[in-house]
Amino acid sequence: MQRVPGVLRILGSFTQRCTASSTSTPSRFQTMNSRRKRNSVRKAATIEDLVEPRKVKHVTQAAAGMEEWIGALNNTNIHMSLDEFMRRPMVRQLAKENGINDKLFMRSFKSFREYCTPDDLSSVDPALLILLSDISKGVKDCEMLYPFFLDHSKQVFPHLEAMDDLRIISDLTRPHNWYPEARSITRKIFFHAGPTNSGKTYHALKRFGEAKSAVFCGPLKLLASEVFTRTNALGIPCDLVTGEERRFAKDNHHPSQHLSSTVEMLSTQMRVEVVVIDEIQMLRDEQRGWAWTRALLGAAADEIHLCGEPAAIDIVKKLLEPIGETVEIRYYDRKSPLTIADKAIESYSNIEPGDCIVCFSKKAVFFNSKKLEENGIKPAVIYGDLPPGTKLAQAAKFNDPDDECNVLVATDAIGMGLNLNIRRVIFNSCTRQTELLPTYAALQIAGRAGRFGTAYANGVATTMRKEDLGTLKTILAEKVEPIANVGIAPTYDQIETFSFHLPQASFVRLLDLFVSVCSVSDHFFICTVYDMRELAVLIDQVPLPLKVRYTFCTSPLNTDDKRTAAVFVKMARRFATGQALTYEWLMDMLEWPPKPASTLSELSLLEQNYEILDQYMWLSMRFPDMLPDEPRVREASKILDTMIQEGVEGFMSLLAIGSSESSDPKIRKTTKSLEEKLIKSSEKSETPAKKSSILEALLKRADISEEDLEQLREELNKKKK
Ligand SMILES: Nc1ncnc2c1ncn2[C@@H]1O[C@H](COP(=O)(O)OP(=O)(O)OP(=O)(O)O)[C@@H](O)[C@H]1O
Ligand SMILES: [Mg+2]
């Protein structure tokens with residue numbers, strides 16, 4: 001196995017070569033139906049809307065004897081000549097042929113007119129002045145101005161000069177050509193297809209374990225670490241690489257022949273015997289689909305094992321067609337039965353051991369947890385934003401048959417590949433982000449019930465509310481449509497070459513221009529670059545080398561929170577000065593050590609701090625010299641992880657002291673109103689659960705004021721005394 005050491009291996013994923021060709025007939029910039037309006041708005045922009053005109057300088061020294069040549073030329077007759085020039089159809093025709101469409105023509109022409117008619121005519125290019133003079137005398141035709149106009153337009157809009165090059169660079173129609181290492185191998189492709197819980201990953205992992213060298217690419221950190229732990233437990237040394245972490249079975253100097261990683265981290269330059277790409281149907285994901293496409297086309301292995309829904313088979317075949325690679329399909333049946341219940345749960349008193357309530361927002365997770373606690377059930381809780389330690393601890397608690405906790409409340413973060421001891425999956429609702437759950441997502445979630453080899457082999461899917469059960473049945477009965485197109489994203493090299501042709505453009509502008517010019521073929525769509533752009537805007541004024549800026553902007557940071565965004569900018573600024581981002585510097589900014597959370601705002605602060613430390617570790621993986629204190633920061637993040645766990649549990653206990661339990665009418669009133677707000681918001685369409693704090697989730701979405709809760713706390717404390 002050829003391994004690129006340490007950081008280079010990681011950076012490998014950012015430096016894919018582009019050898020795109022310009023000869024195909026692309027359909028310009030296809031996009032999926034975007035759930036996010038903000039994306040579709042940006043995607044609609046054309047290059048003409050994005051380019052800023054540059055001012056063309058006049059000459060500083062007049063040519064000798066100029067007055068003599070130009071005779072009676074003045075601004076009035078220049079205007080007349082230019083008006084005539086503008087009206088000529090031939091001029092428009094020529095302009096179009098040179099990439100100057102009507103919109104750009106008018107902007108260029110305005111600038112050209114300003115240039116030709118300054119207060120002091122002697123500052124105009126003498127050759128142009130002579131021509132203007134000849135035109136005004138009727139000696140020459142105004143169309144002869146065209147070369148001057150074209151030259152001027154290219155100075156005003158430098159992209160015109162490079163348009164052909166830009167189109168070639170941003171031609172994403174042949175992504176299989178970006179991976180020379182993979183193209184030098186005749187790869188054997190296996191597709192393990194089947195429903196959930198049919199042993200797809202199991203069979204691929206068998207091959208993974210047998211191979212001399214292998215990489216597992218999983219969709220989630222949790223899954224990657226599950227494979228890492230299991231493989232090592234089998235006595236096969238295996239390393240782990242995720243965005244924020246690298247762990248070695250032995251040590252840094254002895255990388256193992258087996259590696260478990262998140263799919264984004266796959267190095268397409270690393271040659272191995274087997275690569276497993278799990279959950280291949282994620283090719284269709286609007287945000288992350290590019291990573292699966294890249295892994296499929298770029299994995300440099302003798303054998304590629306894909307695991308996933310049969311809906312991905314056709315598109316995988318189509319993507320591999322131009323390479324001449326064929327796919328061997330292996331179908332599997334579900335290993336244990338999954339039935340849909342005839343009755344919804346309806347009441348929390350009907351909850352049983354092995355139940356998992358699946359929600360689509362954090363507020364719904366908290367609402368259901370509170371209700372369960374009122375019914376004497378203390379559930380385990382898993383949602384996307386929880387630190388990994390908390391998630392693993394909660395999953396272990398739920399899976400442990402000796403632990404009293406045997407009910408789980410989770411977001412659909414558990415929907416992929418995880419093996420949990422669930423008997424019944426209970427859908428809290430059938431909508432996600434205001435849309436009805438697509439069949440493939442509902443199947444994935446329902447598929448968590450009755451995992452083969454767990455305590456509950458016979459799985460059941462049902463809903464919390466009676467009125468949702470019919471909807472769930474309909475959704476699950478529908479056929480999953482074959483995947484029509486897959487995600488793709490520009491590589492760093494493409495952006496870099498783009499910037500070479502447009503040296504004046506800021507990074508934000510480069511991204512916009514790229515998206516506006518690029519072309520993809522029928523089977524692809526561009527993954528949203530919205531998150532990247534958000535970060536790019538924040539640090540647009542910070543003087544960083546392009547590669548550093550690009551890397552900063554690909555970090556998985558949520559910028560919705562102002563404090564986290566401000567720290568991100570401070571990190572970039574310090575980086576730009578060349579000073580290392582030390583532990584002391586970081587902790588001073590965070591006012592370390594943190595206080596345990598006793599209020600909601602303190603809990604929110606802990607969550608923000610965790611995200612900042614995570615960001616440090618992410619950057620440290622890419623720039624270890626500039627962020628040298630990763631081990632100490634990791635230790636600090638573990639402390640925070642524990643404190644957040646305690647904070648979340650404390651917060652839930654606060655909510656759990658329900659109205660019914662208190663004899664104090666004031667407390668009853670406050671908790672009642674709080675509960676009503678939660679119920680109301682829980683029943684409303686659910687909003688994305690992406691990386692916002694608990695505080696925000698509750699305050700913004702459920703419209704609960706912090707004062708309400710502080711008041712409740714004070715009243716409870718008084719009551720206790
Ligand atoms: N032949 C087998 N022998 C023993 N255990 C198996 C076998 N096949 C599958 N399993 C176990 O069954 C469980 C489900 O298998 P697996 O995770 O491979 O399913 P999957 O099809 O990948 O499901 P999903 O679509 O949810 O990812 C796992 O715990 C796995 O170890
Ligand atoms: Mg699987």
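All ligand and atom numbering here is 1-based and tracks the order in the structure.
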### Task
Have a look at V215 and tell me which of L259, V274, D239, I277 forms a side chain to side chain contact (heavy atoms under 4.5 Å, CB included) with it.
L259
### Message
I'd like to know if the side chain of T439 reaches the main chain of I475, judged simply by a donor and an acceptor atom lying under 3.5 Å from each other, with no hydrogens or angles considered.
### Response
yes
### Task
Check each atom of ligand 1 against the heavy atoms of F452 and keep those under 4.0 Å away; list them by number with element.
4 (C), 5 (N), 6 (C), 7 (C), 10 (N), 11 (C), 12 (O), 13 (C), 29 (O)
### Query
Does ligand 1 have an atom that lies less than 4.0 angstrom from a heavy atom of C307?
no
## Note on the structure
Candidates H203, E279, K200; heavy atom nearest atom 27 (O) of ligand 1 found on E279
### Query
Centres of the H305 and F208 rings: under 6.0 Å?
no
#### Entry: Numbered atoms of ligand 1 (with element) below 4.0 Å of G199, judged on heavy atoms
8 (N), 9 (C), 15 (O), 16 (P), 18 (O), 19 (O), 20 (P), 21 (O)
### the Mg ion (ligand 2) to nearest N/O/S of T201 below 2.8 Å
yes
#### Entry: Face-on cation placement of R465 at F427 ring, 6.0 Å and 45° thresholds
no
### Message
Can you confirm if the NZ or CZ of R288 lies within 45° of the ring axis of W292 and under 6.0 Å from the centre of its six-membered ring?
### Response
no
### R448 touching ligand 1 at heavy-atom level, < 4.0 angstrom
yes
### Query
Going by the order shown, which atoms of ligand 1 are within less than 4.0 Å of some heavy atom of P195?
21 (O)
#### Entry: Atom NZ of K397 with >12 non-hydrogen neighbours under 6.0 angstrom
yes
### Task
Please state whether the rings of H203 and H192 are parallel, tilted or perpendicular, taking 30° and 60° as the class boundaries.
parallel
### Task
Check ligand 1 against T201 and write out every atom of the ligand that is under 4.0 Å from a heavy-atom position of the residue.
18 (O), 22 (O), 27 (O)
### Task
Run the numbers for me: atoms of ligand 1, each under 4.0 Å from some heavy atom of S198, listed by number.
19 (O), 20 (P), 21 (O)
